[in-house]
S.K.: 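My structure is below; once you've seen it, I'll send some questions.
What you see is a predicted model; the values in this text were computed from it and never measured. Scope of the values below: all heavy atoms of this structure, side chains included, with no hydrogens, waters or symmetry mates. Proteins get letters first, then strands, A, B, ... in listed order; numbering begins at 1 in each.
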Amino acid sequence: MQRVPELVVIGGSWGGIQAALQILKGLPPNYSLPIVLVLHRLRDQEGNLQEIFERKTRLTTVEIEDKQQLVPGMLYLAPPNYHVLLENDRTFALDDSELENYSRPSIDVTFTSAADVYGDQVAGIILSGASSDGSSGLKYIFEKGGTALVQQPQEAEIDTMPLAAIRATPGCRIMQLIDIQEFLLSLHVN
Amino acid sequence: MKLSSDAQFEQEVEVLIGEIKQHYGYDFSGYARASVYRRVKRFMGQKGLENMQQLREPLFSDSFFFEVFLQDVTVNVTEMFRDPSFFLSLRQNVLPLLSTYPYIKIWDAGCSTGEELFSLAILLQEEGLLNRTKIYATDINQKVLRQAKEGIFPVSRIPAYTAAYYAAGGKQEFSGYYRSNYGNAKFNSELVRNVVFYPHNLATDSSFNEFHLILCRNVLIYFGRELQERVLNLFDESLVSLGYLGLGKKETLAMSGISPYYNAVDKTNRIYRKLN
């Protein structure tokens, strides 16, 4: 019996912003889980992503600071040029070590760390993107008993990332954005 | 819920941390665990070590192996002019005030392989301050200190460094600062003529001088909250009144006990000034 997720982690690259907005705009402001969003960004790009998500969703959106506590109903954005790890006390830890899959932040790094802390109570979601980052992280979540979801490749702006994720984790659930949103709403406890 | 196999691995690393302290004197107990666990796992994967016992054997019998481990587990990834806006701000907001001192002392804490140090030295040179500045460049790791002294960086990084240099307000031809040879760029050793390289462990060592500026960027993120507080107090003790402290872009004084005694000179770039 799979346990109910306590954390949602989402990864995407090219086309990932739009896809994430599609999913997240339907969530209530008091959504009962924390959501961590790792999007590949230009290296020194300053954070207007935070404004975009703050404006277009009903979730309170912040760019992650080191040692920040994970709180339900918050949308946490990975900052440019740092990997995002999670600590056992459910705080964030930033890391500026080597790029993974040519990326920092790397989706694999955050997904893996999330599964190390939350075990089987993580839902990992891979969206549109032109890289294979995230596929081994999603596999890691799945192997630990967590939930693995992938955006339907035909629907993705760039299907490289969803296809790589599906190849790595054949047991994942392939869903359209609207159904991923439904799934997230089904996790919400009022 | 955390899986028991993961909990067991973490427990083994905790034991290892204790053994390393006993055997080599390096104390990782205050380090942020998520990164330590990840780095140890990564190191074991790269070396093809399948369990903790296979790591411990060479680690405690071969001090060279330990040095490699140390360099890998304490992240030593760095670049020149990382966050150009930080260096631009240093140039515009800090150096003009430092120039009023007859003699300037700077501490580059956790200097790693020297990219930040050379960036700083270039800035000081262009602002006409290098000759009357002494920089103490410290790191926990002797191996990276030797590299820092050399100032040899891969030539493949030069295009990115050049762009960052100009974004940081660079005034010269960047290529004038180094010579390329066999895939490496060797930076002018005149830049570090007044630099003292010195092993120093932020987790255990104390204050050793007084400084007008302390740079410690992307080091505190690897420490737990308590150790962060210790290090910030160490910096506080080591700064002159009205001295400056520069942290990494995602590091802050806000949660620290010393915060009331500091002003944010540049909030975005995390540059603070000690109050009088």
Side-chain angles (χ1 to χ4, degrees), chain A residues 2-7 43-47 62-70 77-100 104-106 108-122 136-137 140-141 143-146, chain B residues 1-7 9-11 14 31-39 41-43 46 72-79 81-86 110 112 160 163-164 167-168 217-229 247-252 254-256 268-270:
Chain A
Q2 197 166 40
R3 258 192 293 234
V4 182
E6 290 188 344
L7 173 70
R43 288 203 58 194
D44 289 315
Q45 180 187 331
E46 297 293 334
V62 293
E63 195 172 277
I64 295 165
E65 291 280 338
D66 187 43
K67 308 280 185 272
Q68 190 168 21
Q69 189 82 41
L70 279 93
L77 301 180
N81 223 355
Y82 289 90
H83 292 308
V84 174
L85 302 174
L86 286 85
E87 296 282 4
N88 287 333
D89 65 359
R90 305 197 168 182
T91 56
F92 288 107
L94 297 178
D95 171 309
D96 73 340
S97 61
E98 298 84 353
L99 309 187
E100 296 280 346
R104 190 173 55 209
S106 145
D108 278 343
V109 169
T110 300
F111 277 28
T112 304
S113 181
D116 281 340
V117 171
Y118 286 79
D120 54 358
Q121 293 179 293
V122 188
S136 62
Y140 194 82
I141 287 176
E143 285 174 351
K144 294 210 182 277
Chain B
M1 222 175 82
K2 182 186 278 289
L3 267 61
S4 62
S5 56
D6 291 325
F9 170 77
E10 292 174 5
Q11 193 46 48
E14 295 302 327
Y31 278 54
R33 286 303 190 270
S35 166
V36 173
Y37 298 149
R38 172 166 178 264
R39 301 302 289 184
K41 205 179 274 185
R42 184 176 182 277
F43 181 82
Q46 281 173 350
D72 208 74
V73 171
T74 58
V75 172
N76 278 292
V77 177
T78 174
E79 59 197 86
F81 300 100
R82 166 149 193 187
D83 306 316
S85 64
F86 174 87
S112 190
R217 309 191 64 225
N218 299 310
V219 175
L220 292 177
I221 48 175
Y222 297 105
F223 296 164
R225 236 171 303 202
E226 260 174 58
L227 182 53
Q228 285 188 344
E229 192 59 18
L247 301 177
K249 202 131 196 183
K250 286 282 147 188
E251 295 167 330
T252 175
M255 288 186 276
S256 159
T268 319
N269 287 303
R270 311 290 160 113

S.K.: Identify the two heavy atoms, one from A:Leu86 and one from B:Ala34, that lie closest to each other, and give their separation to 0.1 Å.
M.R.: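 Closest approach of A:Leu86 to B:Ala34: O-CB, 3.3 Å.
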S.K.: Is chain B contacted by the side chain of A:Thr91, its backbone, both, or neither, given a heavy-atom distance below 4.5 Å?
M.R.: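 Just its side chain gets close to chain B.
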S.K.: Less than 4.0 Å between a side-chain N and a carboxylate O, is that true for A:Glu65 and B:Arg270?
M.R.: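 The answer is yes: the pair qualifies as a salt bridge.
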S.K.: Do A:Asp116 and B:Arg38 sit within salt-bridge range, that is, some charged N less than 4.0 Å from a carboxylate O?
M.R.: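 No salt bridge links A:Asp116 with B:Arg38.
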S.K.: To the nearest 0.5 Å, tell me how far B:Arg225 CZ sits from A:Asp66 CG.
M.R.: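 Atom-to-atom, B:Arg225:CZ and A:Asp66:CG are 9.0 Å apart.
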S.K.: Looking only at heavy atoms, which two atoms of B:Asp6 and A:Tyr140 are closest? And how far apart?
M.R.: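 Reported closest heavy-atom pair: OD1-OH, 4.1 Å.
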S.K.: Can any side-chain N or O of B:Tyr222 pair as donor or acceptor with the backbone N or O of A:Asp96 at less than 3.5 Å?
M.R.: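 Yes.
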S.K.: With rounding to the nearest 0.5 angstrom, report the NZ to CD distance, B:Lys2 to A:Gln121.
M.R.: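 CD of A:Gln121 is found 12.5 Å from NZ of B:Lys2.
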S.K.: Give the intermediate values and the outcome of side-chain hydrogen bond (donor to acceptor under 3.5 Å, both in side chains) for residues A:Ser97 and B:Arg42.
M.R.: CA-CA 12 Å; A:Ser97 61; B:Arg42 184 176 182 277; over 6 Å; no
S.K.: Among B:Val75, B:Asn218, B:Leu220, who wins on heavy-atom pairs under 4.5 Å with chain A?
M.R.: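 Most heavy-atom pairs within the cutoff with chain A belong to B:Asn218.
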S.K.: Test of understanding: with salt bridge (Lys or Arg N to Asp or Glu O under 4.0 Å), list the residues that count as partners of A:Arg90, not counting sequence neighbours.
M.R.: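 Scan of A:Arg90 (salt bridge (Lys or Arg N to Asp or Glu O under 4.0 Å), adjacent residues dropped) gives A:Glu6.
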S.K.: Please determine whether the number of non-hydrogen atoms from other residues, nucleotides or ligands lying under 6.0 Å from atom CD of B:Glu226 exceeds 12.
M.R.: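 Counting other residues, nucleotides and ligands, CD of B:Glu226 stays at 12 neighbours or fewer.
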S.K.: Rounded to the nearest 0.5 Å, what separates atom CD in A:Glu87 from atom OH in B:Tyr37?
M.R.: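 Output value for this atom pair is 8.0 Å.
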S.K.: Would you say A:Asp120's side chain and B:Met1's backbone share a donor-acceptor pair under 3.5 angstrom?
M.R.: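 Here the side-chain-to-backbone pair exists.
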S.K.: What's the shortest heavy-atom distance between B:Ile221 and A:Lys67, and which atoms?
M.R.: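 Closest approach of B:Ile221 to A:Lys67: O-NZ, 3.6 Å.
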S.K.: When rounded to the nearest 0.5 angstrom, what is the spacing between CD in A:Gln68 and OG1 in B:Thr252?
M.R.: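 One finds 11.0 Å between CD of A:Gln68 and OG1 of B:Thr252.
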S.K.: On a heavy-atom basis, which atom in B:Arg82 and which in A:Asn81 lie closest, and how many Å separate them?
M.R.: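 Distance-wise, the nearest heavy atoms are NH2-O, 3.0 Å.
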